[in-house]
Amino acid sequence: MFFIFGVAPRTIKTETGQFLCPVCKTRCAYEIKVQRQFFSLFFIPLIPLGKAKTGLVTCLNCHTQMPHMVLENQN
Ligand SMILES: [Zn+2]
């Protein structure tokens, strides 16, 4: 019997909402994705390793990735 294991990054969608995109200049949907390394066994992520990376805000209209601070200066 043998095991297949490894460490693989996994992208987790953490948040969705609406924001005023500075690129489109309109209100549109965004999502925040966070990447985290997982220890996986048989390609199934089991144990999270380390800290999650700060997620980037992705505009679902123009698909531009922006830092989280674009959500703080709304209105
Ligand atoms: Zn946009």
query: Under 3.5 Å, is there a donor-acceptor pair between the side chain of T64 and the main chain of C59?
result: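 No: the side chain of T64 does not pair with the backbone of C59.
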Are [Y] and [X] co-members of a hydrophobic cluster defined by side-chain heavy atoms under 4.5 Å apart?
{"X": "L60", "Y": "L20", "value": "no"}
{"X": "L71", "Y": "M69", "value": "no"}
{"X": "I12", "Y": "I44", "value": "no"}
{"X": "F43", "Y": "L49", "value": "yes"}
{"X": "V34", "Y": "I47", "value": "no"}

- prompt: Between V57, T58, N61, which is the residue that forms a side chain to side chain contact (heavy atoms under 4.5 Å, CB included) with Y30?
  reply: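 Only one option passes, and that is V57.
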field: Pairwise side-chain contact, P48 with R10, heavy-atom cut-off 4.5 Å (strictly under)
entry: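 The answer is no; the side chains never approach within 4.5 Å.
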- request: Would you give the length of the straight line joining atom NE2 of H68 to atom CD1 of I32, rounded to the nearest 0.5 angstrom?
  value: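 Between atom NE2 of H68 and atom CD1 of I32 there are 3.5 Å.
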- prompt: For the residue pair F5 and F39, does the interplanar ring angle fall in the parallel (under 30°), tilted (30 to 60°) or perpendicular (over 60°) class?
  reply: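 The rings of F5 and F39 sit tilted, inter-plane angle from 30° to 60°.
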Using every non-hydrogen atom in the two residues, find where [X] and [Y] come nearest and quote the distance to one decimal.
{"X": "Q37", "Y": "V7", "answer": "OE1-CG1, 3.4 Å"}
{"X": "E31", "Y": "K13", "answer": "OE1-CD, 3.1 Å"}
{"X": "R27", "Y": "Q18", "answer": "NH2-O, 3.9 Å"}

